[in-house]
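Single-structure report; data block below.
Keep in mind that the numbers below use all heavy atoms, side chains included, and drop hydrogens, waters and symmetry copies.
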There are 2 protein chains.
Amino acid sequence: MTRPGGRTARVRAQVLRATGDALAEQGFAHLDLADIARRADVGKTTVYRRWGSVTALVADLLIDMAEESSPRSDTGSLLGDLRANADLVLRTLTDPRQGRLFTSIIAAATCDVQAAEALHGFYATRVAEWAPCVERAIERGEAPEGTDAQAVIRAVSAPLYYHLLTTGRIDPSVADQAATAAAVAARAGVFVCQD
Amino acid sequence: MTRPGGRTARVRAQVLRATGDALAEQGFAHLDLADIARRADVGKTTVYRRWGSVTALVADLLIDMAEESSPRSDTGSLLGDLRANADLVLRTLTDPRQGRLFTSIIAAATCDVQAAEALHGFYATRVAEWAPCVERAIERGEAPEGTDAQAVIRAVSAPLYYHLLTTGRIDPSVADQAATAAAVAARAGVFVCQD
């Protein structure tokens with residue numbers, strides 16, 4: 001994993017990679033700065049000075065994950081774009097490392113205010129990245145004026161996370177249903193803001 | 001809180017109430033059998049002998065919560081029933097004690113296999129309780145034959161849990177949109193099983 005920016009950027013990349021590995025393997029409760037420094041092959045003092053706490057590390061990891069996440073699709077139709085989004089979420093949640101990483105961070109957010117704020121920031125960034133798919137659909141006449149684009153994007157992800165957390169598994173049919181249901185409901189005006 | 005069944009049932013009710021209080025206040029990571037016995041005003045030996053582990057306690061709490069949960073509504077229309085379901089989930093998740101209890105158990109399920117199985121059992125029971133609302137709607141012609149009733153019920157809850165976990169808040173407009181979107185998508189045949 002190489003990134004531009006010299007030594008500082010390289011250290012950050014190594015430490016965030018180690019943080020993700022530790023989260024995926026052990027969960028938030030067992031995160032430890034010294035262990036992460038060891039995994040990253042970076043001096044403990046550097047990690048303490050630069051991040052100072054595991055919560056700050058998780059927050060920085062989420063900023064990095066949001067920046068590195070796949071950009072939105074542009075397939076030319078609302079259903080196509082929402083299917084691409086559902087497929088991306090499905091691949092992320094079913095990837096062994098990424099899936100465990102996300103469920104660990106969600107768990108952390110339920111008991112740590114700073115982790116929760118960082119997680120909310122991550123999803124706000126991701127939803128904002130994909131919302132233009134719905135705005136384009138409104139311009140094309142595929143959804144009514146006043147449709148809440150962010151609500152449509154959230155409606156695609158929601159069943160995937162819910163299935164995983166409440167049944168322990170998800171499959172492509174859930175992703176396809178989630179995208180189709182969101183597109184049908186958007187077209188019918190369900191997500192038009194009420195003021 | 002009184003229940004029929006004499007001393008054994010009373011002890012169970014006291015211990016499960018204390019378990020729920022401890023989960024809502026401190027989360028799963030800090031659950032401790034001795035602390036729960038003290039909160040419940042029940043002998044430590046009784047708690048150890050009857051449940052033996054905090055995971056067994058959480059599993060029993062979830063069985064009790066599933067049994068005690070509100071029965072499905074019968075408003076005479078699919079949209080009415082789904083709105084009643086969304087409203088019930090909203091009230092549960094926004095209730096200070098119940099909301100924290102659920103997010104604590106979801107967090108526990110991400111790192112403990114037995115807690116996860118107990119949680120999956122709880123949602124399977126709740127989804128099965130409400131699925132007949134959709135089966136009735138199919139009989140009335142409000143949704144096509146072959147509609148996956150459980151998928152429709154899950155589609156109502158999903159946005160509420162997702163909003164809470166990824167933004168930290170939910171409000172009645174999310175519940176109303178979730179119910180309406182699920183009803184519209186069900187009517188359009190989105191949840192018809194593909195074989």
Among [options], single out the residue with the greatest number of heavy-atom pairs under 4.5 Å to chain A.
| options | result |
| --- | --- |
| B:A155, B:A109, B:G168 | B:G168 |
| B:V184, B:T103, B:T166 | B:T166 |
| B:G27, B:P159, B:A181, B:A185 | B:A181 |
| B:L119, B:V174, B:L164, B:T167 | B:T167 |

Side-chain ion pair, [X] and [Y], N-O less than 4.0 Å:
| X | Y | answer |
| --- | --- | --- |
| B:R83 | B:D176 | yes |
| A:D87 | A:R91 | yes |
| B:R136 | B:D81 | no |
| B:E25 | B:R39 | yes |

Given a strict heavy-atom distance threshold of 4.5 Å, which part of [X] is in contact with chain B: side chain, backbone, both, or neither?
| X | value |
| --- | --- |
| A:I106 | side chain |
| A:F191 | both |
| A:A116 | neither |

Check: [Y] and [X] side chains under 4.5 Å, non-hydrogen atoms:
| X | Y | value |
| --- | --- | --- |
| A:Q150 | A:V134 | no |
| B:R126 | B:M65 | no |
| B:R50 | B:V11 | yes |

When only pairs under 4.5 Å are counted, which of A:S157, A:G121, A:A186 shares the most heavy-atom pairs with chain B?
A:S157

Check each atom of B:A151 against the heavy atoms of chain A and say whether the ones under 4.5 Å are side chain, backbone, both or neither.
side chain

